[in-house]
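FYI, side chains are in, hydrogens and waters are out, and symmetry mates aren't considered; it's all heavy atoms of this structure. Each residue takes its place number in the sequence, starting with 1. Atoms within a ligand are numbered from 1 in the order they appear, just like the ligands themselves.
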Amino acid sequence: MIVSKESGTRIDEITEGIFRISTPVPPEAIPGGFTFNQYLVVDDMPLLYHSGPRKMFPLVQKAVASVIPVSSLRYLGLSHFEADECGALNEFLEVAPEAEPLCGSIAKMVSVDDMALRPARALADGEELSLGTHVVRWIDTPHFPHGWECGHLFETTTKTLFCGDLFTQGGHEHPPLTSEDILNSSEAMRAALDYFSHTGYAMDLAEKLAGTSPRILACMHGAAWEGDGGDLLRQLGKRLAG
Ligand SMILES: [Fe+2]
Ligand SMILES: [Fe+2]
């Protein structure tokens, strides 16, 4: 569903209670075009995973408001500390008085508790948090793809891995959910832009995520993907190691 005709921002339910919000940025603004996605988990304690950049706040707010009251947001999650992950964090904390930032322990210690209006709820590696029906689990993945504080969130009931910047696909025209190739298109992006760290643990960390056997990879840039997520993560790990 389109929520802003001017920007093309849309929101689509990709699995039970999980919505992908996506704003396309045309090639005139970012070479090749790009998308910024956020994910909304609608539950007793609603979670918005990534705030989007600060300048996109009105668009993401409007998309959330098309499904639930923005003031009902309870958690504002982030993989790592960058503008597209948490640039609008404080704007959301202002309009959602019960909301807390949700992140890993390093992000809380190093950046979030200094920059955010309210302290973060940090999850330890492997720790789970119930949102009501959905249950999210935090997985520490330092430097994978980038950032010491980096981790990813896995929703256990739908087997959705919010995989952040992993499998970043260029271009601004994507379906909300696809089963087509995203590995080669994201590898083309990595060949052009060196956005992965050069950690020697990439294969181990890919295996750590693959161990959750995700059914959906909720990418932050490009389409979300449905299929054997464990297999695709292992393929990525091999490419990174090779
Ligand atoms: Fe990033
Ligand atoms: Fe990102």
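With a cut-off of 2.8 Å, the Fe ion (ligand 1) has no N, O or S atom of C150 in range. Not a single N, O or S atom of D84, from either the backbone or the side chain, sits less than 2.8 Å from the Fe ion (ligand 1). The Fe ion (ligand 2) has H221 among its coordinating residues (N/O/S atom, backbone or side chain, under 2.8 Å). At a threshold of 2.8 Å, the Fe ion (ligand 2) has no backbone or side-chain N, O or S atom of E82 nearer than that distance.
By the 4.0 Å N-to-carboxylate-O rule, E127 lies too far from R137 to be salt-bridged with it.
Within D165, the N/O/S atom positioned nearest the Fe ion (ligand 2) carries the name OD1. For H80, the N, O or S atom closest to the Fe ion (ligand 1) goes by the atom name NE2. Minimum-distance N/O/S atom of E85 relative to the Fe ion (ligand 2): OE2.
Looking only at atom types and distance, the side chain of D165 has a donor-acceptor partner in the side chain of H221 under 3.5 Å away. For the 3.5 Å distance criterion, the side chains of T157 and E155 qualify, holding a donor opposite an acceptor. Using modelled atom types and a 3.5 Å distance limit, the side chains of R215 and T15 yield a donor-acceptor pair.
Between F196 and H146, the gap from one ring centroid to the other reaches at least 6.0 Å.
For the side chain to side chain contact (heavy atoms under 4.5 Å, CB included) criterion with P214, the lone passing option out of L233, T160, D228 is L233.
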